[in-house]
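For reference, the structure discussed in these notes is given below.
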Protein chains: 2
Amino acid sequence: MRIALIGNYGHQSLVIRSVEAVEGTQITGLEGFDEKYLENLRQRCPRAAQGAKLYPDLKTLLNDDNFDIASICTRFGEHTFPLLLSAEKGKHIIVEKPVATELADLEEVRQKVKEAGVQLTAMLPMRYGAPYRKAKEVVDEGTIGEVLHMWSQKSYKYGTRGDWMQKREFYGGTIPWVGIHAFDYMRWTSGREYKAVAAFHGTVGNPADGELEMVSGVSFQLDNGGTALTSIDYLNPDAAPAHGDDRLRLAGTLGTVEVYDFGTKARLITKDEPPRELELPEKDPHGFLRDFILRIEEDQDVGISAEDSFWLTEVSIKARISADEGRVIPLFKPPAAE
Amino acid sequence: MRIALIGNYGHQSLVIRSVEAVEGTQITGLEGFDEKYLENLRQRCPRAAQGAKLYPDLKTLLNDDNFDIASICTRFGEHTFPLLLSAEKGKHIIVEKPVATELADLEEVRQKVKEAGVQLTAMLPMRYGAPYRKAKEVVDEGTIGEVLHMWSQKSYKYGTRGDWMQKREFYGGTIPWVGIHAFDYMRWTSGREYKAVAAFHGTVGNPADGELEMVSGVSFQLDNGGTALTSIDYLNPDAAPAHGDDRLRLAGTLGTVEVYDFGTKARLITKDEPPRELELPEKDPHGFLRDFILRIEEDQDVGISAEDSFWLTEVSIKARISADEGRVIPLFKPPAAE
């Protein structure tokens, strides 16, 4: 599988980190990068990036037709154009989440990807993290019964942010950019679906005085009548031991399981057993890319499907609209494609 | 100060626990209790309850006129009648939260208490807990800057619940009964005010199949444009080390402070200092009653005022209505009484 990297605004590093380890993949083209980056890439990925070539623009890259997968990391509000062109050319797609920042764009991409019959996955690697996989395992084994309430936290250090992130037009909002991770890992670990959303957010405290929201609070109604909440903020202090203070608590009919300590540990409490830390599975740094390749080459239902990528994007955009407009928004997941 | 205990459905224990230690207070009357309870009370409070007398009904108690403070713990949906009668008689009032379970009742009580010129406080003792006092201290000292996002958790063991708690008419809902504690300690520690609320709740998983909500998720918009969330559930597992898994996280412009470990510890992170546990002030088991006496006798603005008691009840009822009706509800705190 030949991969082209299009744009360098998000987590191309996610693909780059895995490509050297996933046999049968290589990076053949880059658009939106410079010579220095390419040089550095060849050193980091001597097997996978040796033959990579720089392209001056997207049109030239597409005309050269030297790749199978487009890995798209343009500014989030500008994914639509490269997505549509790539799908039209029959390329499979890895795209920085959110897939789109507006519902109309999302719908267009959804249709085009369906028509083109290509595979697509959004960059949602958090579910590959060991504590989240453990939490899902605990739920799947029935240890905590049916999940009725969830809470998740995405708290990031503000650090340094590009000016473009201060514009809704390019950035899309903190709920779709940051919250979407939690919406994915809550849904995936619990097996529950979102039925309605209500959210508030605010730009208060933004050091650049821009449109980037510093805080968001999102609440969901679940398909079983349960509830879920997500805390999202850029207020994780500089001296915190990790960039992200990521957390999850699943409360079920038979127990609770939590991801805590900056997303590094998992803990269980049940009816019969007091709090205890859970042993975690081994780290899986390559799963994201490996699963996508299995999806393309062997049609296996592994990793994050196009359907899930679109749905989580839709949930995120609607949560942002709820916060923008001060209203509760119902959520209906489209039926799975035939 | 002579105190009459009216009804035994909530936390009369809160008054009883303090009365022996607070000089100048005594329990003189009980309505809704039996001989055995009184006997036991006299043993527990040899100084304060020796002269206490049982009354067969509220009318007889009020006619005897042998008390200054009515401590009202009827079923939550039935507070209004004893509240109105007590205020009319010029009695000061301690009342189990929520003050009322319906807005019309609350308004009637608010008016009557104002007309009567009596003092009133709702049973909201959590802010007297050492970790919450510490969190407020940290905010007041400016250590974490302006609070922009809050999350709180009230997770209780389901345990054994009276049948009356399965009826909205008597119980009033889990948001007003349990959530109100978190709404109080978030507001009190942060110094922020609620401007809008959106909530979801559900009775799913209720072992008695009744109207008591097992889970709720409440989100607020704050007066400074910030956000706040409260997780409320009856899913704290039996083997958890405490009845309540109560938590709080305040995220400010300069740092975060948290109450964690089942509401027993507090932790700080700032720009310059990694996570560290905070030393807590000494326990203060009598503060609730002592502050109310100071409010009555010396007109000191300490503890939970009538204004705050009404406001937190209003916020709680409106949060419940938001969940019942699936809509965002704006919140306007009435201006302070002259």
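Here is how names work: the chains are called A, B, and so on, in the same order as the sequence lines, proteins then strands, and each is numbered from 1.
- Between A:M126 and A:D246, the closest side-chain pair of non-hydrogen atoms falls below 4.5 Å.
- The nearest pair of heavy atoms linking B:L254 to B:G142 is CD1-O, 3.8 Å.
- Of the listed residues (B:A199, B:A251, B:G145), the greatest number of heavy-atom pairs within a distance under 4.5 Å of chain A belongs to B:A251.
- Scanning all heavy atoms of the two residues, the minimum distance from A:F76 to A:G10 falls at CE2-CA, 4.5 Å.
- Side-chain N/O atoms of B:K154 and B:Y156 include a donor and acceptor closer than 3.5 Å.
- With a 4.5 Å cut-off on side-chain heavy atoms, A:P274 and B:P241 do not count as touching.
- Under the 3.5 Å distance criterion, with hydrogens and angles disregarded, no donor-acceptor pair is assigned to the side chains of A:R247 and A:S155.
- A:S231 and A:W151 share a side-chain donor-acceptor pair at under 3.5 Å.
- Against chain B, no residue from residues 163-192 of chain A qualifies, as none has a non-hydrogen atom under 4.5 angstrom away.
- Atom CG of B:D209 sits in a sparse spot, with 12 or fewer heavy atoms from other residues, nucleotides or ligands closer than 6.0 Å.
- Here the closest heavy-atom approach between residue A:V215 and residue B:G226 is recorded as CG2-CA, 3.9 Å.
- Shown here for A:F200 and B:S219, the closest heavy-atom pair between the two residues is CE1-O, 3.4 Å.
- If you tally non-hydrogen atom pairs under 4.5 Å between each of B:D245, B:I144, B:L148, B:T253 and chain A, the highest count goes to B:L148.
- Heavy atoms only, all atoms of each residue included: B:R161 and B:L212 are closest at CD-CD1, 3.9 Å.
- Residue with the most contacts toward chain B among A:T203, A:L222, A:N224, A:T227: A:T227 (heavy-atom pairs, distance under 4.5 Å).
- Between chain B and the options A:A228, A:A323, A:G252, the largest number of non-hydrogen pairs under 4.5 Å is found for A:G252.
- Residue B:V147 does not touch chain A at all, counting heavy-atom pairs closer than 4.5 Å.
- Chain B is approached within less than 4.5 Å, heavy atom to heavy atom, by A:T256, A:E258, A:F262 from residues 256-265 of chain A, ordered by number.
- Between chain B and the options A:G205, A:A239, A:P207, the largest number of non-hydrogen pairs under 4.5 Å is found for A:A239.
- Closest approach of B:T313 to B:A100, counting heavy atoms only: CG2-O, 3.3 Å.
- B:Q221 touches chain A through backbone and side chain together, each having a heavy atom under 4.5 Å away.
- Ranked by heavy-atom pairs under 4.5 Å with chain B, the list A:Q153, A:K157, A:M214 is led by A:Q153.
- In terms of heavy-atom pairs under 4.5 Å with chain A, the best-connected choice from B:E146, B:E273, B:R249, B:R327 is B:R249.
- For A:D233, the part lying near chain B is the side chain, with the backbone staying farther off; criterion is any non-hydrogen pair under 4.5 Å.
- Listed for the B:R133 side chain is no donor-acceptor partner under 3.5 Å among the backbone atoms of B:K283.
- The residues B:K134 and B:E277 are annotated as not salt-bridged, no charged nitrogen and carboxylate oxygen being separated by less than 4.0 angstrom.
- For the pair A:R320 and A:D324, the minimum side-chain heavy-atom distance is below 4.5 Å.
- Annotation: maximal heavy-atom pairing with chain B below 4.5 Å, among A:D272, A:V218, A:L235, A:N236, occurs at A:L235.
- A:F220 touches chain B through its backbone: at least one of N, CA, C or O sits under 4.5 Å from a heavy atom, while the side chain does not.
- Ranked by heavy-atom pairs under 4.5 Å with chain B, the first of A:G326, A:P330, A:S322 is A:G326.
- Contact annotation: the side chain of A:K271 never approaches that of B:P237 to less than 4.5 Å [non-hydrogen atoms, C-beta and beyond].
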